Structures are given as structure tokens and as C-alpha cells.
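The structure appears below as C-alpha cells.
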Amino acid sequence: MAFEAEVIPLFIGGASIVCILELVFGCMILKQHKKARYFLIGHIMCMAAALIFLIRCIFAERLGINLGIPSISNSVNIGLFGVFWAFGTGLLLAAFNAIAERNGKDK
């Protein structure tokens, strides 16, 4: 796949910055919700792992990553991206649920 040279570092840097900002601001916002904060941290870790698999799939050739048989490696990377993305989304929903449960008990 053809990309401009700047796309790869911008994508990796941008995704990293989003993950870091989500971690920092999420932990600040959820400092009173310890259980939800742990779910959020798990969510961010899963999403970062998902992005790594996506990056390996899209940019492997340009990054010099030897994939062996590219079609098999890309299929595995897309599959692992989906698994980590789904699990991360589940953890985010669990964080919402933890906040809702705590707020329900406070009333």
C-alpha cells in the first residue's frame, strides 16, 4: 500500500498521544472511582495493543517487519486487532457500569 513518508510517524505518534491523553485525563476524572479507573487503564492497554496489530498489518512492509507469508500474517494481525479492540470496548463499558453502580449506591 502506498503512503507518503510522513504518514507512518504521524499515525503512530498521533495514536500514542491519544492513548496517553486518555490515560492522564481519564485517571484525573476518575480519581474518586477506583474500580472504574482500573477498567479504564485496561481499556487503554487493550486499545494500544489493538493499534500495534493494526500498525503491523498496514505498515509492516515500510517498517521492515518480516511477516513470512504476508496474507496469513495480515489475517492474524487483523484478527488480533479485532479481539483486543472488542475486549477494550468491553472494559470501557465495565468502567461505565462501575460508575453507574457507585452513583446508584450513593443516592
Side-chain angles (χ1 to χ4, degrees):
M1 194 179 294
F3 293 100
E4 294 292 326
E6 300 83 16
V7 169
I8 297 170
L10 285 173
F11 184 85
I12 293 171
S16 299
I17 289 170
V18 168
C19 287
I20 291 167
L21 289 175
E22 185 179 5
L23 178 66
V24 169
F25 288 115
C27 286
M28 286 173 36
I29 291 168
L30 296 175
K31 64 181 159 186
Q32 303 299 325
H33 300 277
K34 188 174 183 179
K35 186 176 177 182
R37 190 172 58 233
Y38 291 138
F39 284 130
L40 178 73
I41 291 169
H43 158 73
I44 295 166
M45 290 172 53
C46 284
M47 296 308 278
L51 284 169
I52 288 169
F53 288 113
L54 185 62
I55 288 166
R56 284 179 49 102
C57 183
I58 297 173
F59 302 124
E61 186 179 302
R62 296 286 292 271
L63 294 173
I65 299 171
N66 185 6
L67 299 176
I69 301 172
S71 63
I72 293 173
S73 181
N74 285 341
S75 298
V76 170
N77 282 321
I78 289 292
L80 289 171
F81 163 77
V83 168
F84 278 97
W85 179 69
F87 192 68
T89 301
L91 288 169
L92 185 61
L93 293 173
F96 292 155
N97 186 52
I99 293 169
E101 283 179 353
R102 181 165 179 225
N103 286 342
K105 290 178 184 176
D106 291 343
K107 291 183 178 181

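All values reported here derive from a predicted model rather than from experimental measurement. Start at 1 with the first residue, then count along the sequence.
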Does [X] share a hydrophobic cluster with [Y], counting links as ILVMFWY side-chain heavy atoms below 4.5 Å and allowing steps through other members?
{"X": "Ile55", "Y": "Ile44", "result": "no"}
{"X": "Leu80", "Y": "Ile52", "result": "no"}
{"X": "Phe53", "Y": "Ile58", "result": "yes"}

Minimum heavy-atom separation for [X] to [Y], with atom names?
{"X": "Cys57", "Y": "Asn77", "value": "CB-CB, 3.9 Å"}
{"X": "Phe81", "Y": "Leu54", "value": "CD1-CB, 3.9 Å"}
{"X": "Leu40", "Y": "Cys27", "value": "CD2-N, 4.1 Å"}

With a 3.5 Å cut-off and sequence neighbours excluded, list the donor-acceptor pairs that the side chains of residues 2-25 form with protein atoms.
residue	atom	partner	partner atom	Å
Ser16	OG	Ile12	O	2.8
Glu22	OE2	His43	NE2	2.9

Donor-acceptor list for residues 92-100 side chains, cut-off 3.5 Å, not counting sequence neighbours:
residue	atom	partner	partner atom	Å
Asn97	ND2	Glu101	OE2	3.3

Rounded to the nearest 0.5 Å, what separates atom NZ in Lys35 from atom CZ in Phe39?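 Going from NZ on Lys35 over to CZ on Phe39, the span is 5.0 Å.
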Can you tell me how far SG of Cys46 sits from CD1 of Ile41, rounded to the nearest 0.5 angstrom?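 SG of Cys46 is found 12.5 Å from CD1 of Ile41.
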Please list, one pair per line, the donor and acceptor atoms closer than 3.5 Å that link side chains of residues 82-91 to other protein atoms, with sequence neighbours excluded.
residue	atom	partner	partner atom	Å
Thr89	OG1	Trp85	O	2.9

Residues in side chain to side chain contact (heavy atoms under 4.5 Å, CB included) contact with Lys31, at least two apart in sequence or another chain: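 Partners of Lys31 by the side chain to side chain contact (heavy atoms under 4.5 Å, CB included) criterion, ordered by chain and then number, come out as Arg37.
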